[in-house]
Trainee: 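Mind looking over this structure? Questions follow.
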Number of protein chains: 2
Amino acid sequence: MSKKQRSMTIGTLAKAAGMGVETIRYYQRRGLVAEPEKPYGSIRHYDDQALGRLHFIRTAQWLGFSLDEIAELLTLQDGTHCNEARVLGEQKLTSVRQKIRSLQGIEKALDGLVQACSAQRMNVECPLIASLQHGVVQYSETETSGRSNRG
Amino acid sequence: MSKKQRSMTIGTLAKAAGMGVETIRYYQRRGLVAEPEKPYGSIRHYDDQALGRLHFIRTAQWLGFSLDEIAELLTLQDGTHCNEARVLGEQKLTSVRQKIRSLQGIEKALDGLVQACSAQRMNVECPLIASLQHGVVQYSETETSGRSNRG
DNA sequence: GTTGATTCCGTAGCTGACTACGGGAGTAAC
DNA sequence: GTTACTCCCGTAGTCAGCTACGGAATCAAC
């Protein structure tokens, strides 16, 4: 059960984790990964636990968690806060499903417009442009792309 | 067929379009909407065409177009470039469908984890946290959320 | 004719997640 | 023992799409 305990420099660690050195240093500044002690006048060394932490972050990011949320997840890391973790997961799941619904609305609208464009032959007006101009597209106010997608 | 040609100040226009004055001025700087002539020592006035332009931008944004892409769409505005517009629409449609697929993968993974958390009763380890730690979640490398979603 | 809101305009700040730069120190290869 | 890479560290820049600030001019109401 004991993984080999490599001792890596930050560059090696970055390569192993598939990310840049600067990214790791950025996570350190954000407090997401620890900065190991620096031997007197030497260079820091990282072990597989550090690598595991980076995988944790990557996977959580993929699941849609922000770095702030990941920091929160990491405080629950001892595994004894399953309820809290589950709540965070459920919230994320809700927002993911919301995004999917929004995107499906967009897909439908866009598909209709593209198909109308393909069908159009001799008409002067382009259906896609026309619908943007005249507001034919009806969208539900559940934003996904475009403005204020940083909330 | 003639819409009433209101003459609006930028504030009124902003209200009508449901956006802030600063946003409109930002679009002007980006060249997305024109800045009307300013009467000698007076204030600029906007008509319904300007409002239409803002609706165009909003709707295109909702469809997933960036402001740069919208600028491109606006050059096709005369309606005679249906092919070009359709190609842009198809590209966007492809990326929207890609995003949906990614999100569905995420939804599935997250749903599994949340359900495992709900089912878990006396076990010490939280399934969500554990899977982040040990990399149980397998994700396809079609990124949607998280890192480098600014490409 | 004064108060108070709005416009004008340039410039600067915000968010999130990086990414780059620069200069000095440490380390590895030959 | 020199060359060339890598590390360290702080600070600053990037991207997209806004949002805010500040000071002067203009306009609307009373």
Side-chain angles (χ1 to χ4, degrees), chain A residues 7-46 50 54 56-72 92 95 143-151, chain B residues 7-46 50 54 56-72 92 95 143-151:
Chain A
S7 178
M8 302 172 268
T9 68
I10 196 170
T12 321
L13 176 65
K15 219 160 281 174
M19 57 181 68
V21 168
E22 297 302 330
T23 305
I24 295 174
R25 290 182 42 68
Y26 171 69
Y27 290 163
Q28 289 176 338
R29 265 173 272 145
R30 297 266 312 225
L32 289 174
V33 317
E35 209 174 2
E37 285 298 313
K38 181 176 165 183
Y40 301 113
S42 180
I43 272 176
R44 291 179 218 282
H45 286 278
Y46 299 83
L54 295 177
F56 185 110
I57 294 170
R58 286 253 289 183
T59 307
Q61 269 191 314
W62 177 76
L63 287 171
F65 292 98
S66 70
L67 294 184
D68 276 351
E69 289 167 330
I70 292 169
E72 199 177 345
K92 204 45 67 181
S95 86
E143 52 194 320
T144 287
S145 56
R147 82 204 178 288
S148 65
N149 52 0
R150 6 162 256 337
Chain B
S7 178
M8 302 172 268
T9 68
I10 196 170
T12 321
L13 177 65
K15 220 160 279 172
M19 57 181 67
V21 168
E22 297 302 331
T23 305
I24 294 174
R25 290 183 41 67
Y26 172 68
Y27 290 162
Q28 290 176 338
R29 266 173 274 146
R30 296 267 310 225
L32 289 173
V33 316
E35 211 173 1
E37 285 299 312
K38 182 176 165 182
Y40 300 112
S42 179
I43 271 176
R44 290 178 220 282
H45 286 279
Y46 300 82
L54 294 176
F56 185 111
I57 293 170
R58 287 254 289 184
T59 307
Q61 270 191 312
W62 178 76
L63 287 172
F65 292 98
S66 70
L67 294 185
D68 277 350
E69 290 167 330
I70 291 169
E72 199 177 343
K92 203 45 68 181
S95 87
E143 52 196 317
T144 288
S145 57
R147 82 203 178 289
S148 66
N149 52 1
R150 3 162 256 343

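Reminder, nothing fancy here: chain letters follow the sequence lines and each chain counts from 1.
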Trainee: Could you check which residues of residues 8-23 of chain B get a heavy atom under 4.0 Å from DNA chain C? Sort them by number, please.
Mentor: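 DNA chain C contact set from residues 8-23 of chain B: B:Thr9, B:Ile10, B:Gly11.
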Trainee: Using the side chain to side chain contact (heavy atoms under 4.5 Å, CB included) rule, take B:Ile43 and B:Ile10 through it: C-alpha gap first, then chi angles, then the decisive distance, then the call.
Mentor: CA-CA 9 Å; B:Ile43 271 176; B:Ile10 196 170; over 6 Å; no
Trainee: Of the listed nucleotides (D:dC9, C:dC8, C:dC18), which one gets closest to any side-chain atom of A:Gln61?
Mentor: C:dC18
Trainee: Report the distance from atom CD1 of B:Ile57 to atom C1' of D:dA16, rounded to the nearest whole Å.
Mentor: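 It works out to 15 Å between those atoms.
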Trainee: Which nucleotide in the list D:dC18, D:dC9, C:dT19 gets nearest to the side chain of A:Arg25?
Mentor: D:dC9
Trainee: Identify the two heavy atoms, one from A:Arg25 and one from A:Glu35, that lie closest to each other, and give their separation to 0.1 Å.
Mentor: NH1-OE2, 4.4 Å
Trainee: Nearest to the B:Ile43 side chain among C:dT7, D:dG17, C:dA17, which nucleotide is it?
Mentor: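 Nearest nucleotide to the side chain: C:dT7.
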Trainee: How many whole angstroms separate atom CG of A:Asp68 from atom P of C:dC18?
Mentor: 12 Å
Trainee: For B:Tyr40 and D:dC27, give me the distance from atom OH to atom P, rounded to whole Å.
Mentor: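 Distance, rounded to whole Å: 15 Å.
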Trainee: What is the distance from CZ of B:Phe65 to C1' of D:dA16, rounded to the nearest Å?
Mentor: 17 Å
Trainee: Reckon B:Gln28 touches a base, only the sugar-phosphate, or nothing at all at heavy-atom distances under 4.0 Å?
Mentor: nothing
Trainee: Roughly how far, to the nearest 0.5 Å, is CD of B:Gln61 from OG1 of B:Thr59?
Mentor: 9.5 Å
Trainee: Would you mind classifying the nucleic acid contact of B:Glu35 as base, sugar-phosphate or nothing, using non-hydrogen atoms under 4.0 angstrom?
Mentor: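 The residue B:Glu35 makes sugar-phosphate contact but no base contact.
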Trainee: Roughly how many Å is it from CG in B:Leu32 to C1' in D:dA16, rounded to a whole number?
Mentor: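 The answer, rounded to whole Å, is 12 Å.
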Trainee: Can you check the A:Tyr26 OH to C:dT15 P distance for me, whole Å?
Mentor: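 Rounded to whole Å, this separation is 12 Å.
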Trainee: Taking CZ from A:Arg29 and P from C:dT19, how many angstroms apart are they, rounded to a whole number?
Mentor: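 Interatomic distance, CZ of A:Arg29 to P of C:dT19: 12 Å.
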Trainee: Taking all non-hydrogen atoms of both residues, which atom of A:Tyr46 and which atom of A:Ala34 are closest, and how far apart?
Mentor: CE2-O, 4.3 Å
Trainee: Measuring to OP1 and OP2 of C:dC9, would you say a side-chain N or O of B:Lys38 lies under 4.0 angstrom away?
Mentor: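 B:Lys38 to C:dC9 OP1/OP2: side-chain N or O found under 4.0 Å.
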Trainee: Examine D:dC18: is either OP1 or OP2 under 4.0 Å from a nitrogen or oxygen in the side chain of B:Tyr27? Give yes or no.
Mentor: yes
Trainee: Can you name the nearest heavy-atom pair linking A:Leu54 to A:Ala17, along with the distance?
Mentor: CD1-CB, 3.6 Å
Trainee: Nearest whole Å is fine: how far is C:dC18 C1' from A:Arg58 CZ?
Mentor: 14 Å
Trainee: Looking only at non-hydrogen atoms, find the nearest pair between A:His45 and A:Pro36 and report the distance.
Mentor: O-CG, 3.3 Å
Trainee: To the nearest 0.5 Å, tell me how far A:Leu32 CG sits from A:Ile24 CD1.
Mentor: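 Here the rounded value is 12.0 Å.
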